[in-house]
Amino acid sequence: MRQRYEWLETEWSKMREQSLCREWQTVESLAEHGGTWIVVGGKKLLNMSSNNYLGLAHDPQIMAAGEKAARQWGAGGTASRLVLGNYPLYDELEQRLARWKQREEALVFANGYQANTGVLAALAGRGDVVFSDRLNHASIVDGIVLSRAEHVRYRHNDWEHLAFLMEKHQGTKRKWIVTDSVFSMDGDKAPLLELIKLRERYGAFLMVDEAHAGGVRGERGQGLCHELGIASQVDVLMGTFSKAFGVYGAYVCADQVVIRHLRSKARSLIYSTALPPGVVGSTIAALTQIEADEWRRQALQHNAQLFRRLLAEKGFAVTSDDTQIVPITLGENERALQFSQKLWERGVAAVAIRPPTVPDGTARIRFTVMATHQPEELVWAVEQLTAVRDECAGGM
Ligand SMILES: *Cc1c(COP(=O)(O)O)cnc(C)c1O
């Protein structure tokens, strides 16, 4: 019997050698309202690894809306939406999403992973080709695999490479281009204006994942496509409620004919229980605040600029982007882990990101800024970062 899981033991030792074993920490309490400070192992830490960009996850109104919906409709979704698991709340959320995004219809999924896998598998198929940015989120990659379409990866944000590959695939039935709008581990933005041109030139379909831009970019937080004024030319706009919304779930907005198809064909929607009513109630309340609270987006933008500027002043290699995701690339896995550990000891929680989440040799610390961080907290964090860099042999 001791031999039963030998291959897992072997794999685990290999992973350990490469510093690829993963563990999680338990957040014992939220030291301050808004979740910018957390307590782990009895230690108070500034949270710089949260996707709760606008601080909405702990907003009293949003939490209360969830509680109210749970009391009225129950704790669970009880069934798939297609099997009497659909409540007025879901319809209300979808109508509001469609209006917010200025698209014909919207469809809510249980989470972003299910949205991407469900949508891609339902819309692309054998004989089609899906062109996907090399740094796209894993849920997009898995969706393409499920679709059975040909999977062609283009170099990150390199639309010329994409154009070259599309030219080579002129003969295919249907062509899809899929991209994140703001990339989750790099904090840079897709060249959406160029992708729109390629969509036109090759009669392709375009799907954009706004997970890190929804709530954050655009005049009412609709995302980067709206900020650029191209939302009506994107076939499928996808986004999540798990990041800036501070809740859970995901959505796609598209033409009615597309949404109708997805409602009957997206397997991750059909064969999975509807979101709990409380989650939907909170999401509706979060959408209200996202549409109204321009100050949150401004505070986030201000903090992101400040953090980037302070890092650059201290000689860190930060990119010229303007997003709330700020990676510091360290290279080796072990190095990123040590750096994160040292920051932790100094009171800054910022998690090391390793392959396969990022390409080999580009392990990094992914810092995320929140609207609710105080500027002086960011100044202090950069001081800690600088001290850790100076401690680490060899500089950076
Ligand atoms: C987080 C993320 C997802 C997955 O969303 P969940 O709701 O957490 O499942 C999808 N795409 C991108 C780009 C993401 O960053």
Side-chain angles (χ1 to χ4, degrees), residues 24 49-54 56-57 66 77 93 97 106-121 123 130 132-147 153 156-157 176-192 195 206-217 221-225 234 236-253 262 266-269 272-276 279-280 282-283 286-287 290 300 321 323-327 351 353 356-359 364 366-370:
W24 52 54
S49 276
S50 177
N51 292 329
N52 175 26
Y53 302 130
L54 300 177
L56 292 177
L93 177 57
L97 286 167
L107 182 62
V108 169
F109 284 78
N111 55 51
Y113 188 90
Q114 291 194 13
N116 279 336
T117 50
V119 168
L120 284 160
L123 294 179
V130 184
S132 171
D133 188 290
R134 201 164 274 195
L135 296 189
N136 274 344
H137 192 261
S139 55
I140 294 177
V141 176
D142 293 0
I144 299 168
V145 171
L146 278 173
S147 78
R153 303 199 313 162
H156 177 52
N157 279 348
W176 282 85
I177 305 169
V178 190
T179 187
D180 289 11
S181 63
V182 168
F183 283 85
S184 46
M185 297 301 143
D186 291 71
D188 54 353
K189 295 176 290 197
L192 290 169
L195 300 188
L206 177 62
M207 173 168 172
V208 178
D209 177 339
E210 296 261 33
H212 296 282
V216 166
R217 314 286 308 205
Q222 301 101 316
L224 189 60
C225 293
V234 176
V236 179
L237 290 162
M238 177 272 180
T240 72
F241 304 130
S242 49
K243 291 172 180 147
F245 276 71
V247 194
Y248 190 66
Y251 60 90
V252 292
C253 293
L262 292 176
R267 292 167 68 89
S268 62
L269 175 83
S272 192
T273 301
L275 277 171
V279 171
V280 181
S282 284
T283 302
L287 178 57
I290 278 179
L300 181 64
D321 300 292
T323 68
Q324 72 280 9
I325 301 167
V326 188
V351 173
I353 308 283
T357 311
V358 293
R364 67 196 69 182
R366 172 188 184 261
F367 294 92
T368 54
V369 170
M370 291 167 67

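Atoms within each ligand, like the ligands themselves, are counted from 1 in listed order. Every value quoted in this text rests on a predicted model; they were computed, and no experiment measured them.
When all heavy atoms are compared, the tightest approach of E210 to L224 is OE1-N, 2.9 Å.
Residue D180 has at least one heavy-atom neighbour below 4.0 Å for each of these atoms of ligand 1: 13 (C). Taking every non-hydrogen atom of S242 and a distance limit under 4.0 Å, the qualifying atoms of ligand 1 come out as 6 (P), 7 (O), 8 (O). Heavy-atom proximity to K243, at under 4.0 Å, picks out these atoms of ligand 1: 1 (C), 2 (C), 3 (C), 14 (C), 15 (O). Taking a cut-off of under 4.0 Å to the non-hydrogen atoms of Y113, the atoms of ligand 1 that pass are 4 (C), 5 (O), 6 (P), 9 (O). Below 4.0 Å from some heavy atom of N116 lie the following atoms of ligand 1, by number and element: 10 (C), 11 (N). Near S139, the atoms of ligand 1 lying under 4.0 angstrom from a non-hydrogen atom of the residue are 10 (C), 11 (N). Each of the following atoms of ligand 1 lies closer than 4.0 Å to a heavy atom of D209: 10 (C), 11 (N), 12 (C), 13 (C).
Side-chain atoms of Q324 come within 3.5 Å of backbone N or O of H212 as a donor-acceptor pair. Here the side chain of T273 pairs no donor or acceptor atom with the backbone of G77 at under 3.5 angstrom. Formation of a donor-acceptor pair under 3.5 Å by the D133 side chain with backbone atoms of N157 is found in this model.
Contacts with ligand 1 closer than 4.0 Å are made by side-chain heavy atoms of H212 only, the backbone lying farther away. Looking at N51 against ligand 1, nothing comes within 4.0 Å, counting heavy atoms. Here N111 has heavy atoms under 4.0 Å from ligand 1 in both its backbone and its side chain.
In R134, the CZ atom is crowded: over 12 heavy atoms of neighbouring residues, nucleotides or ligands sit closer than 6.0 Å.
Scanning the protein for heavy atoms near atom 7 (O) of ligand 1, the closest one is G112 N, 2.7 Å. For atom 3 (C) of ligand 1, the closest heavy atom belonging to the protein is H137 CE1, 3.4 Å.
Note that the CG atom of D142 and the OG atom of S147 stand 11.0 Å from one another [nearest 0.5 Å].
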(message) Is there a side-chain contact (heavy atoms from CB on, under 4.5 Å) between V236 and W176? Walk through the geometry before answering.
(response) CA-CA 10 Å; V236 179; W176 282 85; 4.2 Å; yes
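With 3.5 Å as the limit, one finds a donor-acceptor pair spanning the side chains of H156 and D188.
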